[in-house]
Student: 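Sharing a structure with you now.
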Amino acid sequence: MRRDTSASSPPTWRELPLLIELNEQQRQRLDKAQALREQGIDPYPPHSHRTHTAEEALARFTEIESTLETEHDPETITVAGRVTAIRDMGKSVFAHIRDGSGAIQIYLRRNVVGEDALAHFKRFIDLGDFIEADGNLFRTRTGEVTVEVKAFRLLAKAINPPPEKWHGLQDVETRYRQRYADLMANEVTRRIFVIRANAIRAIRRFLDERGFLEVETPVLQPLYGGAAARPFTTHYHALDQTFYLRIADELYLKRLLVGGYERVYEISKDFRNEGIDARHSPEFTMLEFYMAYADYHDVMELVEEMLVYVAEQALGTTKLTYAGHEIDLTPPWPRVSLRQALLDATGIDYREVTDQRELYERAKALGADVEPTTVWPRIIDELMKTFVRPNLIQPTFLVDYPVELSPLAKRSPNDPNIAERFQPFIAGMEVGNAFTELNDPMDQLDRFLAQARDRAAGDLEAMPIDDDYINALMYGMPPTGGFGLGIDRLIMLLTDQQNIREVILFPHLRSKPTPILAGLPTPDTPTGDDA
RNA sequence: GGGCCCGUAGCUCAGCGGUAGAGCAGCGGACUUUUAAUCCGUGGGUCCUGGGUUCGAAUCCCAGCGGGCUCACCA
């Protein structure tokens with residue numbers, strides 16, 4: 001059946017090509033919407049007339065209650081929101097509505113709202129619908145501030161019934177695929193993303209107040225770099241060239257220091273085409289900042305101060321609970337060299353075990369997951385992850401890494417095999433990465449060449465040579481300290497979540513047809529354009 | 001990618017070879033201060049999909065799809 005889409009009224013659901021079987025409740029609700037239209041009532045009216053949020057209404061009554069001469073606030077207010085509970089008492093009805101600020105109870109009594117209106121409410125308003133209600137605030141016998149309703153209007157008819165009221169939405173897959181339903185049903189989920197927003201705002205404020213310039217650098221890049229990871233690859237039609245989604249911001253931000261900005265930062269999505277697990281999301285949010293005339297010691301101090309500030313702003317405390325651990329962010333955090341940490345945990349002093357074979361034998365003997373072919377720096381990395389990282393529960397800076405693990409970091413003046421690099425660990429989780437930036441263009445070129453050799457040897461994550469970056473360094477970059485922070489992991493810490501997908505609004509899942517679109521055209525359906 | 005586990009009503013979950021269940025939500029009824037309202041009655045299922053075993057499969061077996069945890073890889 002074809003329908004003239006220029007018709008003046010919207011279609012009834014029976015006219016649309018819904019290939020799914022609607023369930024009984026969906027059909028009932030669609031029929032209610034249609035019945036309302038036939039009465040001349042728009043189930044999706046364009047305007048609302050709210051005068052008070054739930055929070056404002058509750059605050060108002062608390063404030064004026066003691067001055068009232070009557071039981072009810074004489075001023076009529078209008079509240080609006082989603083109906084989350086209905087308790088039908090016969091000649092009166094209690095309901096709760098929730099808006100973005102909170103929830104408020106409304107009360108409809110037949111002799112106040114009128115017999116017809118009460119019947120209309122009972123007949124046409126369902127859980128999940130958006131309504132607005134005009135009325136007067138009062139306090140019920142049980143003490144709850146409530147709006148006694150004089151009139152109400154439907155603002156938006158909900159066709160899908162909301163999830164179960166007591167248990168909320170539990171199914172993890174549905175919670176991720178239909179985050180809207182999760183947010184609607186679960187207060188905990190709503191709270192996580194408020195904390196996330198507050199934390200990111202606090203980071204911006206902290207850096208802005210210290211003279212950092214927020215910048216935006218390319219997400220689509222002709223050459224990726226700044227980290228060890230496989231990229232997402234795409235074809236750029238207009239330039240007829242392969243481009244990559246960035247895996248890090250680093251090399252572009254440091255070009256800006258060459259240009260003369262002293263302090264820059266960027267908060268942005270990075271993309272790494274690698275596995276998904278509880279701590280890794282291929283699309284994730286990164287903060288990177290760079291400050292000229294600073295080294296990694298200066299950066300450590302700034303990072304301590306920043307994370308304390310962020311926790312205070314987002315949570316109101318610097319003490320967190322994560323996976324049962326009590327964590328105190330109060331600075332200063334211990335600085336432990338990687339060499340010392342490994343020595344304490346494994347008895348191996350890597351400066352004295354420079355032979356790869358010997359290091360392998362000793363790591364293997366300790367039970368580390370290494371192979372005879374594992375290269376020396378990777379064995380160090382593995383030892384750190386297995387024997388050191390899990391024990392770094394309280395905030396700790398692990399400092400001074402082998403140069404081979406840090407191709408963009410400056411060598412220590414005391415030991416050319418050591419890079420001035422640190423990583424903060426909290427609750428056994430690596431939350432960032434930082435170093436005194438390498439600004440010697442020829443040393444940088446040499447490190448790139450070493451990466452290129454690893455790459456040729458089959459390491460897909462080794463960095464490609466960025467010769468334009470070398471050219472930038474040849475103009476001169478001031479001594480600089482830089483820092484990268486995984487925002488998602490920080491939010492996991494702040495919200496005591498063990499899975500990164502719990503702090504990402506719409507995490508990636510394998511595509512599955514939604515019930516509504518089953519059988520209808522999707523972006524994957526060939527259209528003749530690009531196919 | 002490997003191992004283990006899960007998929008039953010709109011939602012939360014039982015059932016685990018013998019007629020498909022409960023609570024919430026829905027529908028009908030009673031109740032004018034309830035708040036997981038209460039009380040009476042009642043409709044609703046491709047038991048993820050496809051094969052197989054069996055007199056008989058939601059249940060057992062195989063394959064697939066989707067998801068979770070975990071290991072590997074990685075930040």
Side-chain angles (χ1 to χ4, degrees), chain A residues 20-29 31-32 71 84-96 103-113 115 118 122-123 126-128 138-146 148 158-178 181-182 184-186 226-230 247-248 270-282 284-286 369 371 378 381-382 385 389 405 423-425 429-433 459-461 484-490 498-501 507 509-513 515:
Chain A
I20 47 156
E21 299 241 344
L22 293 168
N23 68 44
E24 189 183 10
Q25 292 191 52
Q26 291 170 321
R27 285 196 304 271
Q28 286 165 352
R29 286 161 176 251
D31 286 338
K32 286 180 188 178
E71 193 181 52
T84 57
I86 297 174
R87 290 177 292 281
D88 180 354
M89 309 286 295
K91 295 184 180 63
S92 71
V93 173
F94 286 94
H96 271 96
I104 190 166
Q105 180 168 256
I106 62 174
Y107 181 42
L108 296 88
R109 292 207 302 169
R110 189 170 72 173
N111 60 352
V112 174
V113 74
E115 187 168 355
L118 185 66
K122 289 161 76 156
R123 176 75 192 88
D126 292 304
L127 292 180
F138 76 110
R139 192 177 288 277
T140 65
R141 190 178 293 164
T142 54
E144 180 163 356
V145 176
T146 299
E148 183 160 284
I159 304 307
N160 291 333
E164 211 253 4
K165 66 179 175 188
W166 192 241
H167 300 90
L169 181 62
Q170 295 295 321
D171 183 78
V172 175
E173 182 178 353
T174 309
R175 287 185 48 241
Y176 294 161
R177 286 192 195 277
Q178 303 186 35
D182 183 30
M184 191 188 309
N186 297 322
R230 293 174 61 186
I247 60 170
D270 286 351
F271 306 86
R272 298 184 185 176
N273 206 344
E274 291 171 350
I276 301 176
D277 65 30
R279 288 186 174 65
H280 297 85
S281 170
F284 65 105
T285 302
M286 177 87 111
D369 184 18
E371 301 297 326
R378 291 271 169 227
D381 202 36
E382 186 60 32
K385 284 174 178 170
R389 185 168 73 182
L405 281 173
Q423 293 190 288
F425 290 84
M429 190 150 63
E430 180 185 323
V431 295
N433 190 21
D459 183 354
L460 291 174
E461 288 166 355
L485 171 79
I487 297 279
D488 309 278
R489 288 184 179 178
L490 175 67
Q498 325 294 308
N499 194 308
I500 196 168
R501 278 168 287 199
L509 293 177
R510 203 178 297 276
S511 296
K512 204 172 157 181

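FYI, side chains are in, hydrogens and waters are out, and symmetry mates aren't considered; it's all heavy atoms of this structure. The sequence lines fix the lettering, A, B, ..., with proteins before strands; numbering per chain opens at 1.
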Student: Crowded around A:E115 CD? As in, over 12 foreign heavy atoms under 6.0 Å?
Tutor: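 Counting other residues, nucleotides and ligands, CD of A:E115 stays at 12 neighbours or fewer.
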Student: Given that both distances must come in under 3.5 Å, which nucleotide forms a Watson-Crick or G-U wobble pair with B:C13?
Tutor: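 Looking at the geometry, B:C13 pairs with B:G21.
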Student: Go through the N and O atoms of the side chain of A:Q25 and the base of B:A25, and report whether any donor-acceptor pair is under 3.5 Å.
Tutor: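 Answer yes: a donor N or O sits under 3.5 Å from an acceptor.
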Student: Would you say A:R501 places a side-chain N or O within less than 4.0 Å of OP1 or OP2 belonging to B:C69?
Tutor: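 Yes.
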Student: What nucleic acid atoms does A:A229 come within less than 4.0 Å of, heavy atoms only: base, sugar-phosphate, or nothing?
Tutor: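 Answer is nothing: A:A229 stays at 4.0 Å or more from every strand.
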Student: In whole Å, measure the gap between the C1' atoms of B:G67 and B:U49 for me.
Tutor: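 To the nearest whole Å, 15 Å.
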Student: Can you check the distance between B:C62 and B:C5, where both ends of the measurement are the P atom (answer in whole Å)?
Tutor: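 My reading of the P atoms in B:C62 and B:C5 gives 11 Å.
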Student: In the structure shown, which nucleotide is the Watson-Crick or G-U wobble counterpart of B:A37, with both distances under 3.5 Å?
Tutor: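 WC or wobble partner does not exist here.
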Student: So what does A:D270 hit on the nucleic acid, given a heavy-atom distance under 4.0 Å: a base, only sugar-phosphate, or nothing?
Tutor: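 Answer is nothing: A:D270 stays at 4.0 Å or more from every strand.
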Student: What closest approach, in Å, do A:M429 and A:R279 show between heavy atoms, and which atom pair accounts for it?
Tutor: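 It is SD-NE, 3.5 Å.
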Student: Taking only the C1' atom of each, what is the distance from B:U8 to B:C4 in whole angstrom?
Tutor: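 B:U8 and B:C4 have their C1' atoms separated by 22 Å.
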Student: Closer than 4.0 Å, any side-chain N/O of A:N499 to the OP1 or OP2 of B:C69?
Tutor: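 Yes.
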Student: Is it the case that A:Q423 and A:R389 place a side-chain donor and acceptor less than 3.5 Å from each other?
Tutor: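 Side-chain D/A pair, A:Q423 to A:R389: absent.
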Student: Look at all strands and tell whether A:S281 reaches a base, only sugar-phosphate, or nothing, counting heavy atoms closer than 4.0 Å.
Tutor: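 Base contact.
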Student: Who is the Watson-Crick or G-U wobble partner of B:G26, with both distances under 3.5 Å?
Tutor: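 Checking every strand shown, B:G26 finds its partner in B:U42, with both distances under 3.5 Å.
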Student: Just name whichever nucleotide pairs with B:A63, Watson-Crick or G-U, keeping both distances under 3.5 Å, else none.
Tutor: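 In the structure as shown, B:A63 has B:U49 as its Watson-Crick or wobble partner.
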Student: Expressed in angstrom and rounded to an integer, what is the separation of A:Q26 atom CD from B:G45 atom C1'?
Tutor: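 That distance rounds to 15 Å.
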Student: Considering only side-chain heavy atoms of A:K91, which listed nucleotide, B:C11, B:C31, B:U34, is closest?
Tutor: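 It is B:C31.
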Student: Using the C1' atom in both, what is the distance from B:G43 to B:A25, to the nearest Å?
Tutor: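 One C1' to the other, the span is 13 Å.
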Student: Starting from the 5' end of RNA chain B, give me the residue, A:E164 or A:E148, whose nearest nucleotide shows up first.
Tutor: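 Closer to the 5' end of RNA chain B: A:E164.
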Student: Looking only at atom C1', what distance separates B:G68 and B:C48, rounded to whole Å?
Tutor: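 Per the computed distance, 16 Å lies between those C1' atoms.
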Student: Which value, in whole Å, describes the distance between the P atoms of nucleotides B:A37 and B:G45?
Tutor: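 Per the computed distance, 27 Å lies between those P atoms.
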Student: Would you classify A:G168 as touching base, sugar-phosphate or nothing, given that sugar-phosphate means primed atoms plus P, OP1 and OP2, and contacts are heavy atoms under 4.0 Å?
Tutor: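 Here A:G168 touches the backbone only, sparing every base.
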Student: What orientation do A:Y107 and A:F138 show, parallel under 30°, tilted 30 to 60°, or perpendicular over 60°?
Tutor: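 Ring orientation, 0 to 90° scale: tilted.
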Student: Does A:R87 make a side-chain donor-acceptor contact with the base of B:U34, cut-off 3.5 Å?
Tutor: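 By the distance-only test, yes, there is a pair.
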Student: Where the side chain of A:Q28 is defined as all heavy atoms beyond and including C-beta, which of B:G67, B:G26, B:C69 is the nearest nucleotide?
Tutor: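 Between B:G67, B:G26, B:C69, the one nearest the side chain of A:Q28 would be B:G26.
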Student: With respect to the phosphate group of B:C73, does any side-chain polar atom (N or O) of A:R230 fall under 4.0 Å of OP1 or OP2?
Tutor: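 No, no such contact exists.
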Student: A:E71 has an atom CD; how far is it from atom P of B:U32, in whole Å?
Tutor: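 So the CD-P distance, A:E71 to B:U32, works out to 18 Å.
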Student: Could you state the CD-C1' distance from A:E173 to B:G67, rounded to the nearest angstrom?
Tutor: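 Nearest whole value for this atom pair: 5 Å.
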Student: Output the rounded distance in Å from NZ (A:K165) to P (B:A25).
Tutor: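 Taking atom P of B:A25 as the reference, NZ of A:K165 is at 4 Å.
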Student: Starting from C1' on B:G68, measure out to CD on A:Q170 and report it in whole angstrom.
Tutor: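 Between C1' of B:G68 and CD of A:Q170: 14 Å.
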Student: Taking the same atom, C1', in B:G44 and in B:A20, what whole-Å distance lies between them?
Tutor: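 My reading of the C1' atoms in B:G44 and B:A20 gives 12 Å.
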Student: Would you mind classifying the nucleic acid contact of A:K122 as base, sugar-phosphate or nothing, using non-hydrogen atoms under 4.0 angstrom?
Tutor: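 Answer is nothing: A:K122 stays at 4.0 Å or more from every strand.
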Student: Between A:L169 (CG) and B:G10 (P), how many Å, whole number?
Tutor: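 The distance from CG of A:L169 to P of B:G10 comes to 14 Å, rounded to the nearest Å.
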Student: Report which part of the nucleic acid A:R123 touches: base, sugar-phosphate, or nothing (heavy-atom distance under 4.0 Å, all strands).
Tutor: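 No contact.
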Student: Roughly how far apart are A:D126 CG and A:N160 CG, rounded to 0.5 Å?
Tutor: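 So the gap between those two atoms works out to 12.0 Å.
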Student: Need one value for A:R175: base, sugar-phosphate or nothing, where a base atom within 4.0 Å counts as base even if backbone is also close, heavy atoms only.
Tutor: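 If one applies the 4.0 Å heavy-atom cut-off, A:R175 turns out to touch nothing in the nucleic acid.
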Student: Examine the side chains of A:Q170 and A:H167 and answer whether a donor and an acceptor come within less than 3.5 Å of each other.
Tutor: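 Judged by distance alone, the side chains do not pair up.
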Student: Look only at the side chain of A:R272 and the backbone of A:I247, and say whether a donor-acceptor pair between them is shorter than 3.5 Å.
Tutor: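 Judged by distance alone, yes, a pair lies under 3.5 Å.
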Student: I'd like to know if A:D381 pairs up with A:K385 as an ion pair, taking the criterion as any Lys NZ or Arg NE/NH1/NH2 lying under 4.0 Å from an Asp or Glu carboxylate oxygen.
Tutor: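 A salt bridge links A:D381 with A:K385.
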Student: Which part of the nucleic acid, if any, lies within reach of A:D171 when heavy atoms closer than 4.0 Å are counted: base, sugar-phosphate only, or nothing?
Tutor: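 Counting heavy atoms under 4.0 Å across all strands, the contact made by A:D171 is with sugar-phosphate only.
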Student: Looking only at side-chain N and O atoms, does A:R110 come under 4.0 Å of OP1 or OP2 in B:U32?
Tutor: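 No, A:R110 has no side-chain N/O under 4.0 Å of OP1/OP2 on B:U32.
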Student: With nearest nucleotides of RNA chain B determined for A:W166 and A:P282 from heavy-atom distances, which residue corresponds to the more 5′ nucleotide?
Tutor: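 The residue mapped nearer the 5' terminus is A:W166.
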Student: Checking base pairs now: Watson-Crick or wobble, both atom distances under 3.5 Å. What partners B:G1?
Tutor: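 B:C71 - that is the nucleotide pairing with B:G1, both distances being under 3.5 Å.
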Student: If you measure from the P atom in B:G23 to the same atom in B:G41, how many Å do you get, rounded?
Tutor: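 That atom pair is separated by 11 Å.
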Student: Between A:D31 (CG) and B:C27 (P), how many Å, whole number?
Tutor: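 One finds 12 Å between P of B:C27 and CG of A:D31, rounded.
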Student: To the side chain of A:V172, which of B:C27, B:U33, B:G68 is closest?
Tutor: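 Of the options given, the side chain of A:V172 lies nearest B:G68.
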Student: Mark yes or no for whether A:K91, through its side chain, and A:L118, through its backbone, hold a donor-acceptor pair below 3.5 Å.
Tutor: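 No; judged by distance alone, with no hydrogens or angles, the pair does not exist.
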Student: Of the listed nucleotides (B:G26, B:U33, B:C73), which one gets closest to any side-chain atom of A:L127?
Tutor: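 Nearest to the side chain of A:L127 among the choices is B:G26.
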Student: Can you check whether any acceptor in the base of B:U34 is under 3.5 Å from a donor in the side chain of A:Q105, or vice versa?
Tutor: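 Between B:U34 and A:Q105, which were checked side chain against base, a qualifying N/O pair under 3.5 Å is present.
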Student: Heavy atoms under 4.0 Å, any strand shown: does A:N111 hit a base, just sugar-phosphate, or nothing?
Tutor: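 Base contact - A:N111 has a heavy atom under 4.0 Å of at least one base atom.
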Student: Specify the separation, in whole Å, of atom CD of A:E24 and atom C1' of B:G44.
Tutor: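 The answer, rounded to whole Å, is 5 Å.
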